[in-house]
Amino acid sequence: VVRQGIRQHLHDLKRVQPMANDVSERLDLLVRLDQRFAFGHGGRSALVLEAVERGVVEELKEFGIEDFSIPRVASRAEISSSSLYRRWANKAALIAFAGGRTAQQGIPFPDCGSLRDDLVRVLVEVAATFSNSSSRAMIALAFSSNDSPEIQQTQAAFWAQRVAQQRPMFERAIARGEIDAQVDTGALIERVVGPMYFRYFVMRQPLDPRFMEDLVDSVLQAPPKRRA
């Protein structure tokens, strides 16, 4: 697939000169070809997205969000800046993409056959991320108390992605009759996951399986309802 993409890319580049009559038209066509090649060819597309995610995490670790640079991320990922700007209009969107992807890989919302088992598995994965440097960088961003507009925008985009990623888990639970459609799933996740962060980062206590299971059971005994 990649070889076919390269051949097509080179073929299209040869067509740029006769197709474009002025410099701006040629440049625009080259940018569009570059974007298609970077993100539109199966296996290469997956590799590029992985490289972008890795570049974002490295950039955040080194420079933080205030001095975050999309051109430097492009350099780290070995693609053009124009390709990144075409897909992600600003750094908030790019960081949210990488954060959501990192979180989904580190803390997936699984299908274990029951909502209780799904939530316990989520907590096990949450605990595992606390010792992962890449995940900790995203955790720090997600829970930052900084009031700058760019951080707030990034946080909002990141959490919107996480809400979308968790939705299928709750839809399955509703279909199985484990919870009803009036349950506030956002509040439920807060009540399940929030104590994990408090216990680990504030109380400095270990996160053992019994604690996680008891936490899930206590929340599911009286799941929060949506406010009218």
Side-chain angles (χ1 to χ4, degrees), residues 49 53 56-57 88 92-132 134-147 149-228:
L49 292 178
E53 176 192 355
V56 170
V57 172
W88 298 283
L94 180 57
I95 293 171
F97 154 77
R101 188 177 165 95
T102 298
Q104 179 63 7
Q105 293 171 356
I107 315 174
F109 291 102
D111 183 3
C112 298
S114 73
L115 181 59
R116 180 188 185 275
D117 290 346
D118 287 349
L119 291 173
V120 170
R121 176 63 182 276
V122 167
L123 295 191
V124 170
E125 300 294 346
V126 166
T129 64
F130 290 165
S131 59
N132 181 289
S134 296
S135 297
R136 286 176 72 100
M138 290 302 174
I139 290 170
L141 171 65
F143 291 95
S144 172
S145 59
N146 190 308
D147 291 330
E150 59 187 6
I151 290 183
Q152 292 181 350
Q153 182 183 7
T154 303
Q155 287 174 324
F158 171 79
W159 287 116
Q161 281 200 9
R162 289 304 279 163
V163 168
Q165 289 167 348
Q166 76 191 25
R167 189 172 295 120
M169 179 179 70
F170 289 113
E171 290 175 346
R172 292 190 299 266
I174 293 172
R176 290 190 296 256
E178 296 173 292
I179 58 174
D180 62 53
Q182 297 306 311
V183 167
D184 187 335
T185 56
L188 192 154
I189 280 289
E190 289 176 12
R191 296 183 185 186
V192 169
V193 178
M196 295 279 288
Y197 289 87
F198 183 82
R199 182 178 177 87
Y200 187 84
F201 290 107
V202 179
M203 300 302 296
R204 303 292 182 181
Q205 295 295 313
L207 300 170
D208 56 82
R210 178 65 181 272
F211 171 79
M212 300 179 202
E213 292 172 1
D214 289 347
L215 178 57
V216 170
D217 289 339
S218 67
V219 173
L220 290 181
Q221 282 181 0
K225 301 289 186 178
R226 300 183 189 277
R227 295 182 179 179

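Note that these values count all heavy atoms, side chains included, but never hydrogens, waters or copies made by symmetry. Along the sequence shown, residues are numbered consecutively beginning with 1.
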Is there side-chain contact between F170 and L115, with at least one heavy-atom pair below 4.5 Å? yes

Any side-chain heavy atom of I95 sitting closer than 4.5 Å to one from W88? no

Salt bridge (Lys or Arg N to Asp or Glu O under 4.0 Å) with [X]: which residues, sequence neighbours excluded?
X: E178; value: R176
X: D184; value: none
X: R172; value: D111

Excluding sequence neighbours, so at least two apart, what forms side-chain hydrogen bond (donor to acceptor under 3.5 Å, both in side chains) with [X]?
X: S218; result: none
X: R167; result: none
X: R226; result: none
X: R210; result: D214

Heavy-atom closest pair, residues [X] and [Y]:
X: D118; Y: G113; value: OD1-N, 4.0 Å
X: M212; Y: A127; value: CE-CB, 3.8 Å
X: P110; Y: R121; value: CG-CG, 3.6 Å
X: D208; Y: F211; value: OD1-N, 2.9 Å
X: A181; Y: I174; value: CA-CD1, 4.0 Å

In Å, rounded to the nearest 0.5 Å, how long is the span from CG of L207 to CE of M196? 4.5 Å

One should read off an interatomic distance between L220 CG and L188 CG, to the nearest 0.5 angstrom, of 6.0 Å

Just to verify, which of L123, L215, L119 counts as forming a side chain to side chain contact (heavy atoms under 4.5 Å, CB included) with V193? L123

side-chain hydrogen bond (donor to acceptor under 3.5 Å, both in side chains): which pairs involve residues 185-194, sequence neighbours left out? none

